[in-house]
Amino acid sequence: MTATRPEQPTPEYVPGHGLLADKVVVVTAAAGAGIGAAVARRALEEAAGVVIISDTHERRLAEARESLAEEFGEERVRALAVDVTDEAQVQALLDIADEHGGVDVMVNNAGLGGTADVLEMTDDEWSRVLDITLTGTFRCVRAAGNRMRAAGKRGVIVNNASVIGWRAQEGQAHYAAAKAGVMALTRCAALDVAPYGIRVNAVAPSLAMHPFLAKVTSDDLLAELKQREAFGRAAEPWEVANVMVFLASDYSSYLTGEVISVSSQRA
């Protein structure tokens with residue numbers, strides 16, 4: 001019988017240290033209170049010159065932009081509603097970065113989950129999860145990589161994968177396939193762009209707590225998921241964001257093609 005893991009306290013939030021000073025940072029799926037929003041905030045705390053946030057939900061995106069601009073300055077926060085399944089919209093997002101000197105850091109956080117038994121899953125359910133989560137990430141990697149190469153920038157791309165890309169879970173064939181694809185894309189893209197000094201890495205979180213997850217997940221399931229974690233608790237979105245910012249910073253200058261597990265559940 002597995003012993004109950006005591007829930008460890010969440011560590012204190014660490015202040016910024018200028019890791020992204022003057023960088024132009026683009027973050028997809030950054031509205032709301034999840035990982036993308038935490039990355040945008042952390043990038044600003046780490047002295048990014050401009051952070052450009054995107055999302056498909058225009059109202060939440062506007063609210064996120066207003067909140068960040070109020071705290072960090074109007075001139076440092078831009079926003080654009082973007083659907084990563086649309087190439088023209090992805091290019092428009094990078095056009096905004098060009099207005100500020102071009103993208104230095106591209107954080108690809110957009111993804112779509114869902115639960116469906118593989119025997120009952122429809123083509124549409126499969127395709128939509130793959131198109132947003134995997135192909136959407138590919139579109140953003142390609143767009144940002146091309147802009148960085150053209151500008152001669154030694155830029156950084158950080159993708160959001162998931163531990164489910166490594167391990168099996170019922171009802172998650174489409175999402176697991178997409179996230180495993182993001183991992184493979186990260187490794188291969190890193191080699192393709194290395195001659196231009198561009199780095200590509202990914203994080204693989206497991207359970208990161210935010211209000212939407214709490215809303216759509218039962219208390220019993222959340223308790224079970226927390227017990228699978230070494231610290232007996234979910235990660236805070238900012239704890240995942242910290243790792244993404246590390247990967248975007250010069251502290252990881254020799255790190256590329258890697259997937260960093262922000263979890264105890266790699267396998």
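Keep in mind that the numbers below use all heavy atoms, side chains included, and drop hydrogens, waters and symmetry copies. Numbering starts at 1 and runs along the sequence shown.
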Are the side chains of [Y] and [X] in contact, using a 4.5 Å heavy-atom criterion?
| X | Y | value |
| --- | --- | --- |
| E99 | R78 | yes |
| V245 | E45 | no |
| N146 | R149 | yes |
| N160 | P205 | yes |
| L93 | T28 | yes |

Which residue is it: D86, D131, T85? I am looking for the one with a side-chain hydrogen bond (donor to acceptor under 3.5 Å, both in side chains) to R139.
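Exactly one option meets the side-chain hydrogen bond (donor to acceptor under 3.5 Å, both in side chains) with R139, and it is D131.
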Tell me who clusters with V118, hydrophobic residues only, linked when side chains sit under 4.5 Å apart either directly or through other members.
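Listed partners: L119.
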Decide if atom CG of D117 counts as having more than 12 heavy atoms of other residues, nucleotides or ligands within a radius under 6.0 Å.
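Yes.
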Does anything in residues 5-28 pair up under ring-ring contact (aromatic ring centres under 6.0 Å, His included), and if so which pairs, sequence neighbours excluded?
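For residues 5-28, and leaving out neighbouring residues, the ring-ring contact (aromatic ring centres under 6.0 Å, His included) pairs sorted by first residue read Y13-W238.
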Atom pair OG/CD1 of S263 and I164 - distance to nearest 0.5 Å:
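The CD1 atom of I164 is 11.5 Å from OG of S263, to the nearest 0.5 Å.
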From L247 CG over to N242 CG, what is the distance, rounded to the nearest 0.5 angstrom?
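The CG atom of L247 sits 11.0 Å away from the CG atom of N242.
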Can R199 and E258 be said to form a side-chain contact (heavy atoms from CB on, under 4.5 Å), step by step?
CA-CA 10 Å; R199 297 188 294 111; E258 292 297 327; over 6 Å; no
I'd like to know if the side chain of T186 pairs up with that of N159 as donor and acceptor (distance under 3.5 Å, no hydrogens or angles considered).
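The criterion, which ignores hydrogens and geometry beyond distance, is satisfied for N159 and T186.
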ILVMFWY network linking V105 to I157, side-chain heavy atoms under 4.5 angstrom
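V105 and I157: separate clusters.
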Are L80 and V25 grouped together when hydrophobic residues (ILVMFWY) are joined by side-chain heavy atoms under 4.5 angstrom apart?
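L80 does not cluster with V25.
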Check this for me: does any side-chain nitrogen of one of R41 and E71 sit under 4.0 Å from a carboxylate oxygen of the other?
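Salt bridge flag = yes for E71 with R41.
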Before accepting this row, confirm whether a basic side-chain N of the pair E74/R65 lies closer than 4.0 Å to the acidic partner's carboxylate O.
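Salt bridge between E74 and R65, a charged N being under 4.0 Å from a carboxylate O: yes.
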Taking only residues two or more places apart in sequence or in another chain, which ones pass side-chain hydrogen bond (donor to acceptor under 3.5 Å, both in side chains) with T115?
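If we apply the side-chain hydrogen bond (donor to acceptor under 3.5 Å, both in side chains) test to T115, skipping adjacent residues, the hits are Q172.
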